[in-house]
Amino acid sequence: MLNRRGVFLALALVPGLSCRDFLLGGLLAGLLGTGCGPSVPETSPVVTIKSPVNNMPFPSGVPIVVSFQIGGFDMDPATGKNVPFTLDPLGNQTRETGKGRVVATYNNSSNILAVAANPADLTIRVPDPMYGSPASIITEGSGVIQLSLQYGDETFVFPQRSAQVTVSIYKKP
């Protein structure tokens, strides 16, 4: 894959290239790097959404049941070893490598609308009535449900692979 350094090197090796062309190439190289950081390791903790599927229709004002699964590994900073990531059914309020919970948000809000930590029940209702009213949150139009992983102390797992799904909300008859 070509990165910024590779673009500059390739441009420098082209005979007869003007300074203007070189600067335009540099701009292109900068654009290639925009928003790109280190990639998330393929083994990092992951949450995936099994259902609903993209653009699935739901009535307004009703919680949406999302089924998910988790996997991947969390690196233990003390030992440098990878630990399988699991849900913590005890709901400990501390940060423990490889243990945590799934949190749900809706429409890119930072407000958490549901929490799941029971490994025997890999579903989450968005919103959980404890966190908000479905009538005021699940409204007509398109919505995005995002699931992420947190430790017991409510810090987000990093790095992680979160999941999202777009749903279509229709007016309840």
Linking directly or through intermediates, with side-chain heavy atoms under 4.5 Å: list the remaining ILVMFWY members grouped with Phe158, chain and number order.
none

Any side-chain heavy atom of Leu147 within less than 4.5 Å of one from Ile124?
yes

Tyr151 versus Asp88, side-chain donor and acceptor atoms under 3.5 Å:
no

Worked check of side chain to side chain contact (heavy atoms under 4.5 Å, CB included) between Gln69 and Lys50
CA-CA 7 Å; Gln69 66 185 57; Lys50 293 171 59 178; 3.4 Å; yes

Please report the closest heavy-atom contact between Val65 and Pro52, naming both atoms and the distance.
O-CD, 3.9 Å

Heavy-atom pair of closest approach, residues Arg101 and Ala117:
CB-CB, 4.0 Å

Check side-chain contact (heavy atoms from CB on, under 4.5 Å) between Thr86 and all other residues, then give those that pass, not counting sequence neighbours.
Lys99

Got a sec, which hydrophobics cluster with Ile112, joining ILVMFWY side chains under 4.5 Å apart, including via others?
Val103, Val115, Met130, Tyr131, Phe156

Is it true that Tyr170 and Val53 fall in one hydrophobic cluster, defined by side-chain heavy atoms closer than 4.5 Å?
no

Working for side chain to side chain contact (heavy atoms under 4.5 Å, CB included), residues Phe85 and Ile70
CA-CA 7 Å; Phe85 194 86; Ile70 60 163; 4.1 Å; yes

Ile64 vs Ile138 side-chain heavy atoms within contact, under 4.5 Å:
yes

Please give me the minimum heavy-atom distance between Pro45 and Val157, naming the atom from each residue.
CG-CG1, 3.7 Å

